[in-house]
J.: 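After the structure tokens below, expect a handful of questions from me.
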Amino acid sequence: MAIVTSKEMFEKAYKGNYAIGAFNVNNMEIIQGITEAAGELRAPLILQVSSGARKYANHGYLMKLVDAAIEETGLPICVHLDHGDTFELCKSCIDGGFSSVMIDGSHHSYEDNVALTRRVVEYAHDRGVVVEGELGRLAGIEDAVNVSAEDASYTDPAQVQDFVSRTGVDSLAIAIGTSHGAFKFKPGMKPQLRFDILEAIEGRLPGFPIVLHGASSVVPEFVEKINAYGGAMPDAIGIPEDMLRQAARMAVCKINIDSDLRLAMTASIREHFALHPDHFDPRQYLKPAREAIRDMVARKIVNVLGCEEKA
Ligand code: G3H
Ligand code: 13P
Ligand code: ZN
């Protein structure tokens, strides 16, 4: 099995009313934890790399780790650039072996977003690589883009057909109320997603794969553990798992998850040091941290994505 694109994964996910998990990777333990869970549950998988992750870990190291994971699990794995913000970054990832890139032009004007996305699509498609575009703005912090809640705007269903046909993108990230990070709603606010907008988009683009960013649930038990062991994240709130499951049954074929992995790993390491203050061998705390990543991914595959046994 080699690195694959998400094309076939999305076709099957759309028809089968489930979604593929796109998990952010930064190092060996994260890649091993994710791929162990997906391997055990035979779940198709997207490993995504932000430009910050690429700077942190180095493109070459990450590719070798992904190759090793594919050899180990025999799974189809798509390697995706998360939030590419320039043509040059997308080109570098395509030239370096990624099978999928996101060009995030959502912070540009509509016409500039179309032009930039179209340019990336032309380069990518000539090389067998698929492209995710974004229309609408999420609140929160992305690699190079900081969008305040006031600036966030839902995707306008009236624009999606024009955007997809003029750019040629293979999937579309939309804004329906999700946001990046661990603080998605203010305390006291009732988490909600605009399923009416998702339905309207689905009606205008039948069969077309939709992507949800900012889709961590910020699982309360991990926030509680972090707070119990000296952390300070009292107001962390995410998207309830049942809402994400509902989106996965609709046109959403890719669900992006990073914060829940960060929380699982951090909770495990905090707990470890609280219980074993004398430990200083990194393997002593990274092994349970890797297991925490594995368990979180297994939980997502079953509770949110519904993609077990679909590889
Ligand atoms: O949406 C952004 C992802 O969570 C990646 O985060 O840019 O800190 O690597 P990062
Ligand atoms: P979360 O911060 O909700 O995990 O979202 C991650 C994401 O959208 C990566 O692109
Ligand atoms: Zn994102």
Side-chain angles (χ1 to χ4, degrees), residues 6 19-27 30-31 33-34 45-59 61-62 78-86 89-90 93 98 100-107 131-147 149 152 155 171-185 191 193 210-220 222-223 233 235-241 243-244 247-248 252-267 292-293 296-297 299-301 303-305:
S6 50
I20 313 295
F23 298 97
N24 286 75
V25 299
N26 292 282
N27 67 12
I30 295 174
I31 292 178
I34 296 168
L45 183 62
I46 298 172
L47 294 178
Q48 58 185 10
V49 180
S50 70
S51 91
R54 208 160 160 260
K55 280 185 204 129
Y56 172 79
N58 174 305
H59 184 98
Y61 280 88
L62 289 172
C78 167
V79 184
H80 174 76
L81 168 65
D82 191 26
H83 293 288
D85 59 336
T86 61
L89 174 58
C90 292
C93 290
F98 282 29
S100 175
V101 294
M102 174 190 195
I103 177 69
D104 180 357
S106 61
H107 48 293
V131 179
E132 173 185 326
E134 179 166 329
L135 200 50
R137 284 189 198 174
L138 274 68
I141 299 166
E142 295 162 10
D143 239 342
V145 194
N146 188 344
V147 186
T155 304
S171 61
L172 183 67
I174 60 165
I176 56 166
T178 61
S179 63
H180 291 102
F183 304 90
K184 300 189 192 296
F185 300 97
L193 294 184
I210 298 300
V211 177
L212 270 196
H213 282 249
S216 278
S217 300
V218 188
V219 181
F222 293 88
V223 175
M233 306 183 70
D235 296 335
I237 303 174
I239 319 282
E241 286 180 335
M243 284 188 196
L244 295 163
V252 170
C253 293
K254 172 173 180 271
I255 292 192
N256 285 12
I257 298 164
D258 188 4
S259 295
D260 275 327
L261 302 186
R262 296 178 179 194
L263 291 166
M265 194 165 201
T266 300
I293 294 274
M296 177 61 79
V297 171
R299 174 191 178 121
K300 295 288 163 183
I301 289 170
N303 290 4
V304 169
L305 303 159

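Indexing begins at 1, ligand by ligand and atom by atom, following the structure's order. Heavy-atom basis, side chains included; hydrogens, waters and symmetry copies ignored. The structure displayed is predicted, hence computed values, not measured ones.
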J.: Of the backbone atoms (N, CA, C, O) and the side-chain heavy atoms from C-beta on, which set of Asn24 has a member under 4.0 Å from an atom of ligand 2: side chain, backbone, both, or neither?
T.: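 Side chain only; the backbone of Asn24 stays clear of ligand 2.
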J.: If only side-chain N and O atoms count, and only distance matters, is there a donor-acceptor pair under 3.5 Å linking His213 with Glu132?
T.: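 On atom types as modelled, these side chains qualify, holding a pair under 3.5 Å.
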J.: With ring centroids as reference points, do His107 and His83 lie under 6.0 angstrom apart?
T.: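 His107 vs His83: aromatic centres not under 6.0 Å.
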J.: Decide yes or no for Ile239 and Ser216: does some side-chain heavy atom of the first lie under 4.5 Å from some side-chain heavy atom of the second?
T.: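 No, their side chains stay 4.5 Å or more apart.
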J.: Using a strict cut-off of 4.0 Å, indicate which atoms of ligand 1 neighbour a heavy atom of Asp82.
T.: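 That gives atoms 1 (O), 2 (C), 3 (C) of ligand 1.
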J.: Who's the nearest protein heavy-atom neighbour of atom 3 (O) of ligand 2, and how far?
T.: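 Here the closest protein heavy atom is Lys184 NZ, 2.6 Å.
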J.: Identify, by atom number and element, the atoms of ligand 2 in contact range of Gln48, meaning under 4.0 Å from any of its heavy atoms.
T.: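 Those atoms are 9 (C), 10 (O).
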J.: With a 4.0 Å cut-off on heavy atoms, is Arg262 touching ligand 1?
T.: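 Yes, Arg262 has heavy atoms under 4.0 Å from ligand 1.
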J.: Of all the non-hydrogen atoms in the protein, which one sits nearest to atom 9 (C) of ligand 2, and at what distance?
T.: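 Answer, as residue, atom name and distance: Asp82 OD2, 3.1 Å.
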J.: Where on His83 is there a heavy atom closer than 4.0 Å to ligand 1, on the side chain, on the backbone, on both, or on neither?
T.: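 Side chain only.
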J.: Got Met102 and Ser171 here, is their nearest side-chain heavy-atom distance under 4.5 Å?
T.: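 The answer is no, as the side chains (C-beta and beyond) never meet within the 4.5 Å cut-off.
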J.: Nearest to the Zn ion (ligand 3), which N, O or S atom of His83 do we find?
T.: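 For His83, the N, O or S atom at the smallest distance from the Zn ion (ligand 3) is NE2.
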J.: If the cut-off is 4.0 Å to any non-hydrogen atom of His83, which atoms of ligand 2 fall inside it?
T.: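 Per the distance check, 10 (O).
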J.: Polar contacts were defined as any N/O atom of the residue lying under 3.5 Å from an N/O atom of the ligand; does this apply to Ile257 and ligand 2?
T.: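 No: no nitrogen or oxygen of Ile257 is under 3.5 Å from one in ligand 2.
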J.: Going by heavy atoms in the side chains, are Ile31 and Leu62 under 4.5 Å from each other?
T.: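 Ile31 reaches Leu62 side chain to side chain.
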J.: Can you sort out the partners of Ser100 under side chain to side chain donor-acceptor pair (under 3.5 Å), two or more places apart, ordered by chain and number?
T.: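 With neighbours one apart ignored, the set is His80.
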J.: Please list, in number order, the atoms of ligand 1 under 4.0 Å from a heavy atom of Asn24.
T.: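 It comes down to these atoms of ligand 1: 3 (C), 5 (C).
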J.: Write out the residue and atom name of the closest protein heavy atom to atom 8 (O) of ligand 2, then the distance separating them to 0.1 Å.
T.: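 Minimum-distance protein heavy atom for atom 8 (O) of ligand 2 reads Gly214 N, 2.8 Å.
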J.: Side chain or backbone of Ser50 under 4.0 Å from ligand 2, or both, or neither, by non-hydrogen atoms?
T.: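 Neither part.
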J.: Compute the minimum heavy-atom distance from Ser50 to ligand 1 and say whether it is under 4.0 Å.
T.: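 Yes, that is the case, since the closest heavy atom of the residue is under 4.0 Å from the ligand.
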J.: Give the atoms of ligand 1, by number and element, whose distance to some non-hydrogen atom of His180 is under 4.0 Å.
T.: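 By the 4.0 Å cutoff, the relevant atoms are 1 (O).
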J.: Side chains of Lys184 and Thr178: does their closest heavy-atom pair fall under 4.5 Å?
T.: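 Sidechains of Thr178 and Lys184: no contact.
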J.: Could you tell me the separation between the CD1 atom of Ile210 and the CD1 atom of Ile174, rounded to the nearest 0.5 Å?
T.: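 Reported value, rounded in 0.5 Å steps: 5.0 Å.
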J.: Among the N, O or S atoms of His213, which one sits nearest to the Zn ion (ligand 3)?
T.: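 Going through the N, O and S atoms of His213 one by one, ND1 ends up nearest to the Zn ion (ligand 3).
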J.: Is there at least one pair of N or O atoms, one from Asp258 and one from ligand 2, spaced under 3.5 Å apart?
T.: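 Yes - when backbone and side-chain N and O of Asp258 are compared with those of ligand 2, one distance drops under 3.5 Å.
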J.: Checking the N or O distance criterion of under 3.5 Å, is ligand 2 in contact with Asp260?
T.: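 No; every N/O pair is 3.5 Å or more apart.
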J.: For Asp258, take its heavy atoms, then give the atoms of ligand 1 lying under 4.0 Å from any of them.
T.: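 Under 4.0 Å from Asp258, ligand 1 has these atoms: 3 (C), 4 (O), 5 (C), 6 (O).
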J.: Specify the closest pair of heavy atoms between Ala215 and Leu244, including all atoms of both residues, with the distance to one decimal.
T.: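 That would be O-CD1, 3.3 Å.
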J.: Among all protein heavy atoms in this structure, tell me which lies nearest to atom 7 (C) of ligand 2, with the distance rounded to 0.1 Å.
T.: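 Here the nearest protein heavy atom works out to His180 CD2, 3.4 Å.
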J.: Would a 4.5 Å heavy-atom cut-off, applied to side chains only, mark Ile46 and Phe23 as touching?
T.: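 Of all side-chain heavy-atom pairs linking Phe23 with Ile46, none is under 4.5 Å.
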J.: Within this structure, what is the CG-CD1 distance for the pair Asn24 and Ile34, rounded to the nearest 0.5 Å?
T.: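 Atom-to-atom, Asn24:CG and Ile34:CD1 are 8.0 Å apart.
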J.: Would you mind running through ligand 2 and noting each atom that sits below 4.0 Å from a heavy atom of His213?
T.: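 Numbered from 1, ligand 2 contributes 8 (O), 10 (O).
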J.: Got Ile30 and Met265 here, is their nearest side-chain heavy-atom distance under 4.5 Å?
T.: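 Touching, per the 4.5 Å side-chain cut-off.
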J.: With a 4.5 Å limit on heavy-atom distance, are the side chains of Leu81 and Leu89 in contact?
T.: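 Result yes, sub-4.5 Å side-chain heavy-atom pair found.
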